[in-house]
Every structure is written in structure tokens, then in C-alpha cells.
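Since the structure comes first, as C-alpha cells, the remarks are kept for the end.
Below, read A as the first sequence line, B as the second, and so on, with proteins coming before strands; counting in each chain starts at 1.
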Amino acid sequence: MKIPSVKGTRDFYPDVMSVRNFIIDGWKGASVRSNFVEYDGPIFEYLTMYQQKSGDEIASQLFAFTDRGGRDLAIRPEITPTLARMVNQRINALPKPIKWFSVPRLCRAERPQKGRLREFFQWNVDIIGVDDVLADAETIFCAVDYLRQVGLTSSDVAVRISSRKMLAVMLKTLGIADEQLNAVYAVLDKRSKIPAEAFEKILAEAIADEVVRSKVAELMAVESVEQLDLFAAGNQKCIDALDELKQLFSCLESMGIADYCKFDIGIVRGLAYYTGVVFEIYDTSSSLRAICGGGRYDNLLADFGGPKISATGFGMGDCVLAILLEEKGLLPKASGLGTVDCYVACLDEELRQKSVKIAAKLRASGICAEFSYKSGNLGKQLKQASALNAKSCIILGQEFKQDGKVVLKDMAEGSQQIIAIEELFKQMQS
RNA sequence: GUGAGAGUAGCUCAGCUGGUUAGAGCACCGGAUUGUGGAUCCGGGGGUCGGGGGUUCGAAUCCCCUCUUUCACCCCA
């Protein structure tokens, strides 16, 4: 019976696997450059860990199961709760700031579509214990540093940044009540994603008062931090919140990534736990969903039973990123081949064990060596060496039987020399 | 969860309004070629036409169900 692969999953054949590794190696490299250290947690956790943060709605998008001891568990749909749990458990022992990253494999039971699968990898970078926009800036830097390193320029991608704190203060100043905030956020988050008329309609549903509504609409039309000064005028809370945002942009400037970053008051982010800076990274040309999203979440550790410690970070998934890199031609050619330094061919059956022995000896000294499973027909073996993209080829024939010499062939040049095998080992080791 | 399109060899696809044994290119394997590779030529293996049911003398083709996939909506931690 043929068993198909499961909906929304991918098979990583060697050529595809090399792309996955390319992406993940890049992520890890960028993390390490900014001195983040790697952690990981279990692939499943208690179901309630995800429910308490995100509500029951989210539970339907989880892969949940009950184990034999009756525990309700779920495969992790994100790693932030695990991070919060791990950090809380050792909060007193961990030196601050905590700068951690991870590349977890995550599962969400959503309907697959472009840039979204049921199983994927997500780069997570977080700084815990720093209540300063410099930390927000550093996580953004880390993301941009990766994107830049992989070849995406500021005309390919843009970081759109806003602040929940600033937005909250401004909205309250304009007459929005505390308990209305989350509903208004949800509407504002849609602003750039739906047509203007549709936006006005749902905004009208969320804010009944026409005067307040027009002021909010005016606020949302703001295109720069400077324009916000008008709204903040005279209100100290607003001025403070704005200062923080200005400070953030000044950090980004110092970090040399200002050209990638722009203020966008429409960036709100779906869920409630963000408390300060929020940002999303988009590709500027096509209309893919966000490549990356993150922000400050100062209450999360406390929500998970720990002390109140500030935190900020982001997640970047592999699916949208891979589509973008593919579109831009920034993925390496996927061959699915290894990197053979030396292919050992032999011309007659008596020499086969010798060829295996030589290959094994090369391998033992750190050289990637391959041998032929068949003796004879040299043309065929060279063909195989070519197909494997071997850099060089050792040929065992008469001269080896007579006085221990082999032909060493450079596969790119086509040139070859006769050399004593012992001499060859010496050369290869140096 | 809702809606729409698609599914023929490992991949990209052809296959007319239903009609013999379902084809091509690429890939793979073998041979030409038992001491010189990437080329060329020749040959070969591979398919219950996604699966199940129905209509029909006859189904890859028409109908229904289901699975997968693509795209959009919901959601997006």
C-alpha cells in the first residue's frame, strides 16, 4: 500500500535539503555574529501552555494529542512560550542580558497556502532583561544583517516599524477607551491589507463616535514620526512614547541599517501580548505575506508565572523567505551532490580492495573520498567521478602493481601525473 | 472551517467531441567504450492515468465521493 505524505509537509530530498541548510546556516551565522547563543526545547509541551496565551481559538490550529498518562499535549506551534518557561525556571541564575536564538521546527494545523505550510522552521531571536529600545534595535539589526548578508538589499525588503505603546497612548488621547483598544488594534492591523473603503467600513463598526473615528483615521494617515509631533503636542505621555520611537530610529541609524527601516503606523500585529515596539519585514516588490514579525513583549514572562522582566524578539519563517530568495535568484544551485575531493578508480578486480583501502585512508585524514563499486572500464568510472563533481581522481592500474604508483588526475584541468602513493598521502596531508 | 482551479512516468507536459497495447523531452540504468570524464548515438526499466464508486459495448476523457495540491477568505502566535 502506498502511503502519501501528510498535507502541508515537505520531503527534503538532498537537493531541497541543501536549500534548507543554506537558510538555516545563514540564520545561525547572523545570530552568532551578534553574539546570540542557541537554545532549544522539546517539540511538544502541555496544551494549556499555548491556550493560556492565545485563547481557545488557537487550539483548533494546533496538533494536539493525549498521551498514555492522560496528559493533554500539543506539538509546538511557536517556541516563545517554551523560551518563557525555560528562562523563568533559571531566571536568577542566568546572566543578563539574555540573548538567545533558536531555529525550531514548528507545526500549525492551518490550511496550507502560499508561504504557509503545516510544518516549517522559524528563526527566533530574543533579548530578555533589557528595558531599552536599544535591545529592540539589536534584534532588528540581527534580522536585517541576515537579509543583507544573503543578498537582499533595501530595495528588496523593508522593515516596517511602529510602537504599540505609542499607539495606545495616542488612541487614548483621541478618546478610545482601554477596553476598546484590542478591537481597534485588530482593525488598524488590516489597514494596509484591505481596500480603503473596506477599512473605513470596519473602522466605523469598531468606533461609533464619528469625531473620534475621523481623528483616528487622521492618525493612521501619518507617514513619519515627525508628523506625530502634532498629535503629541502638549501631552507628556505621548511625547515620551514618541521619544522612544525616535530613539529607536536613531539606534538603527547608528547600526547602519536605517535604509532598510521605515516607520509605518499600520503595523500593529495580531495578538495582544505586544507592549512596545512592533515590526514586520516585507518584500517590497511582490505581495508575499510578512517574512518576519516581532516586537516587545514585556508581560509575557510574568504571564507564565515568572517575574516581570522585559523581553523583545522576532520570528522569521523559512517558507516565505525561501520563495523570496528563489524569486531573487539568491538560492545556491541545488545539486544534491556531496563534495568529493578524490575519486579512487581501479582498473582491475585484483586492485579493488586496494582502492577501498586508499579511499578509507584518505577519509581518515579528513579528505572526502569516494571509490568505485566496479572495477574495469575506466571511462565509466571517470564518468561517475564527473557526475559526482569530484575534484580529482586517483587511478590504480599496472603502475601500481609494478611499483606502487598511481595516476593522479585533476578533473577540472584534465591534467594528470604519475605519483607514488606514499608521496600522494604526504601531499594530501599537508 | 468556506470558496475556486488542478492531479497522466522521478520532473515538465501531450493525449481531439469517450474507441486497439497511454506518448514525448529531461532524469535514471545499460551498451557503443576492459587505460581516460562532462559530448554523441543506440537500447532499457519504469504508469492499477491520485484513490473509490457510477454511466457506457467501451472511460485518462463524462458524473458523484474522497485524498492531495495551488490560490483566495478566516486566521496568522
* Of A:Arg111 and A:Ile418, whose nearest nucleotide on RNA chain B comes first from the 5' end? -> A:Arg111
* Asked: Of A:Thr9 and A:Ala385, whose nearest nucleotide on RNA chain B comes first from the 5' end?
  -> A:Ala385
* Closest heavy-atom contact between A:Leu83 and A:Tyr297? -> CD2-OH, 3.8 Å
* To do: Report yes or no: does A:Ser375 contribute a side-chain atom to a donor-acceptor pair with the main-chain N or O of A:Leu347 at less than 3.5 Å?
  => no
Decide yes or no, distance alone: a donor-acceptor N/O pair under 3.5 angstrom between the base of [N] and the side-chain of [X].
X        : N     : result
A:Arg269 : B:A77 : no
A:Arg116 : B:C76 : yes
A:Arg289 : B:C76 : yes
A:Gln416 : B:U36 : yes
A:Lys7   : B:U68 : no

* A:Lys409 side chain, from C-beta outward: closest of B:G30, B:G37, B:G35 -> B:G37
* Asked: Of the nucleotides B:A77, B:C73, B:G35, which has the atom closest to the A:Gln61 side chain?
  -> B:A77
Base, sugar-phosphate alone, or nothing: which one does [X] contact when heavy atoms must sit under 4.0 Å apart?
X        : value
A:Glu399 : base
A:Gly293 : nothing
A:Pro77  : base
A:Gln398 : base
A:Gly317 : nothing

* Asked: So, A:Asp189 and A:Arg269, do they make that salt bridge, N to O below 4.0 Å?
  -> no
* Check whether any side-chain nitrogen or oxygen of A:Lys383 sits under 4.0 Å from OP1 or OP2 of B:A32, and answer yes or no. => no
Using the [atom1] atom on both, measure [N] against [M] and round to a whole Å.
N     : M     : atom1 : answer
B:G50 : B:U8  : C1'   : 10 Å
B:G51 : B:U69 : C1'   : 15 Å
B:C42 : B:U33 : C1'   : 13 Å

* Single hit among A:Val125, A:Ile127, A:Asp126 for side-chain contact (heavy atoms from CB on, under 4.5 Å) with A:Lys99 -> A:Ile127
* **Any strand: nucleotide that pairs with B:U34 via Watson-Crick or wobble, under 3.5 Å** => none
* In the strands shown, is B:A24 matched to any nucleotide by a Watson-Crick or G-U wobble pair with both distances under 3.5 Å, and which? -> B:U12
* Asked: Does a donor on one side chain and an acceptor on the other come within less than 3.5 Å for A:Arg289 and A:Gln113?
  -> yes
